[in-house]
Amino acid sequence: MPHAIAIIGAGLAGLAAARRLAAAGHAVSLFDKGRGPGGRLSTRRAGDWRFDHGGQFVTARDPAFQAVMAGLLRAGHAARWDGRIVRLESDGGISPHPVERFVGTPGMNGLIHGLAADLPAACAPRWGVRVAAISGGPGDWHLQGEDGGDLGHFGRLVLAIPAPQVVELLRIPAPALAEQAGTALLAPCWALMLGFAGPVPDIGWDAAFIAAAGGEDRPLSWISHDGAKPGRGGAASWVAHASPDWSQRHLEETADQVTGPLRDAFAAATGIDAAPAFIAAHRWRYALPSRPLRDGFLFDETLGIGVAGDWCLDARAEAAFLSGHHLAGAMGAA
């Protein structure tokens, strides 16, 4: 029997659930607190520079996600990233890291734009709407916005948001689900963005995983020349991610406090010591799941409430999609 379903969060997990539930005939309403598509698949712009400062790429290993990526590639919302991607070993060696990867175009949020565009018009995400409270009961859940406004009554709910936000919203209406979500652990990530006024020397690779990262002398776990990705225009835009351990130790520092040591680590790893024309840091407080849930999603059929997200499954963008996709299946979508 079709239901009116509210989905809170229009990232990969929420959109995956929305696509499958809408195709099964359910009336779906999507709410997202962001001003537009993005979240951790957002792209920050500064002048001619573009920085994928959250999710850097996606893989497509599962057939369901492979089919979705094929459609995004055909529509121009994604491109294959055939960059020179390596692993910087702790002994100074460099190893190739050949895995098929894709990026959104012209930024990572192209993936979100493409998935949202495929939804029926009635299911289009409502951006800039933060759900502040859930009341009511099974079959008649009531959502309230942070301005106190009525967002509607729904038979079922999907929460596709970080675990701490799930806990906050479900503590009263669904305490058992809130407790389960509270067992997930999410590690933070500091992201450094560097824009250079002119071309930088070719260092022999476009992106690198960094082995044995986490110490104060080796804080970075990932470095990427984002300007070299498809559709980015070639500007010298670089992104570096600090390791979870380092990010946790420096979690409450300011962006200004972390840019210095991360900039030094970038220069040491790349040999690029020119002064950047643009430098900024962004803290992702809930970035990487370190204790995912057993089933990859949560669903209480009696309450009619499901929970999805990459934090439920694995530290990959594809996992977010699969979490929402499989949750929709558990909720009765074909």
Closest approach of I305 and A174, non-hydrogen atoms and distance? CD1-CB, 4.1 Å
Distance flag, aromatic centroids of W311 and Y286, threshold under 6.0 Å: no
For R40, which residues count as a salt bridge (charged side-chain N to carboxylate O under 4.0 Å, His left out) partner, sequence neighbours excluded? D310
Roughly how far apart are H326 NE2 and F321 CZ, rounded to 0.5 Å? 9.0 Å
Reported CG-to-CZ distance for the pair L41 and F57, which is rounded to 0.5 angstrom: 11.5 Å
Is any side-chain N of the basic residue among D52 and K229 closer than 4.0 Å to the acidic one's carboxylate O? yes
Does I172, at its CD1 atom, have more than 12 non-hydrogen atoms belonging to other residues, nucleotides or ligands within less than 6.0 Å? no
Excluding sequence neighbours, so at least two apart, what forms side-chain hydrogen bond (donor to acceptor under 3.5 Å, both in side chains) with H142? S135, D150
Quick check: do V307 and L170 have side-chain heavy atoms less than 4.5 Å from each other? yes
Below 4.0 angstrom, N of the basic side chain to O of the carboxylate: do D206 and R84 qualify? yes
Listing, residues 102-113 side-chain donor-acceptor contacts under 3.5 Å, not counting sequence neighbours, or none:
| unit_1 | atom_1 | unit_2 | atom_2 | d |
| --- | --- | --- | --- | --- |
| T105 | OG1 | G76 | O | 2.7 |
| T105 | OG1 | A78 | N | 3.4 |
| N109 | ND2 | P37 | O | 3.4 |

Indicate the atoms forming the closest heavy-atom contact of R263 with A274, along with that distance. NH2-O, 2.7 Å
Do V86 and F209 make a side-chain contact, defined as non-hydrogen atoms from C-beta onward lying under 4.5 Å apart? no
Residues two or more places apart in sequence or in another chain: which of them pass side chain to side chain contact (heavy atoms under 4.5 Å, CB included) with E318? T59, R61, D62, F65, R316, L322
Are more than 12 heavy atoms, taken from residues, nucleotides or ligands other than R44, located less than 6.0 Å from that residue's CZ atom? no
Is the CD atom of E253 crowded by more than 12 outside heavy atoms at less than 6.0 Å? yes
Would you call E146 and K33 a salt bridge, using N to O less than 4.0 angstrom? no
Could you measure the distance from the CG atom of L30 to the SG atom of C123? Nearest 0.5 Å is fine. 7.0 Å
Can you name the nearest heavy-atom pair linking T270 to I203, along with the distance? O-CG2, 3.3 Å
Passes ring-ring contact (aromatic ring centres under 6.0 Å, His included), W284 versus H53? Steps please. CA-CA 9 Å; W284 297 102; H53 59 311; 5.1 Å; yes
Steps toward side chain to side chain donor-acceptor pair (under 3.5 Å) verdict (S224, D226): CA-CA 6 Å; S224 172; D226 279 9; 2.8 Å; yes
Any side-chain heavy-atom pair of D32 and R126 under 4.5 Å: no
Approximate separation, where rounding is to 0.5 Å, of Q144 CD and L151 CG: 8.0 Å
Show me the donor-acceptor pairs within less than 3.5 Å that the side chains of residues 296-304 make with the rest of the protein, sequence neighbours left out.
| unit_1 | atom_1 | unit_2 | atom_2 | d |
| --- | --- | --- | --- | --- |
| D300 | OD1 | T302 | N | 3.0 |
| D300 | OD1 | L303 | N | 2.9 |

Taken to the nearest 0.5 Å, the spacing of L21 CG from H325 NE2 works out to 10.5 Å
Here the pair of heavy atoms bringing L15 nearest to P125 is CD2-CG, 4.3 Å
Rounded at 0.5 Å granularity, tell me how far CZ in R87 sits from NE2 in H97. 6.5 Å
Close side-chain approach of F266 and D273, heavy atoms under 4.5 Å: no
Tell me whether D118 at atom CG has more than 12 heavy atoms from other residues, nucleotides or ligands lying less than 6.0 Å away. yes
Would you say L143 and L157 make side-chain contact, with heavy atoms under 4.5 Å? yes
Please indicate whether R285 has more than 12 foreign heavy atoms, meaning atoms of other residues, nucleotides or ligands, lying under 6.0 Å from its CZ. yes
Heavy-atom pair of closest approach, residues P230 and W81: CD-CD1, 3.8 Å
Should the ring pair F31 and F154 be called parallel, tilted or perpendicular, given that the plane angle runs from 0 to 90° and is split at 30 and 60? perpendicular
For a quick test of your reading: what N or O donor-acceptor pairs under 3.5 Å do the side chains of residues 181-201 make, sequence neighbours left out?
| unit_1 | atom_1 | unit_2 | atom_2 | d |
| --- | --- | --- | --- | --- |
| T183 | OG1 | Q180 | O | 2.6 |
| W190 | NE1 | H250 | O | 3.1 |

Do L220 and S243 have side-chain heavy atoms sitting under 4.5 Å apart? no
Where do R50 and T43 come nearest, in terms of heavy atoms and distance? CB-CG2, 4.0 Å
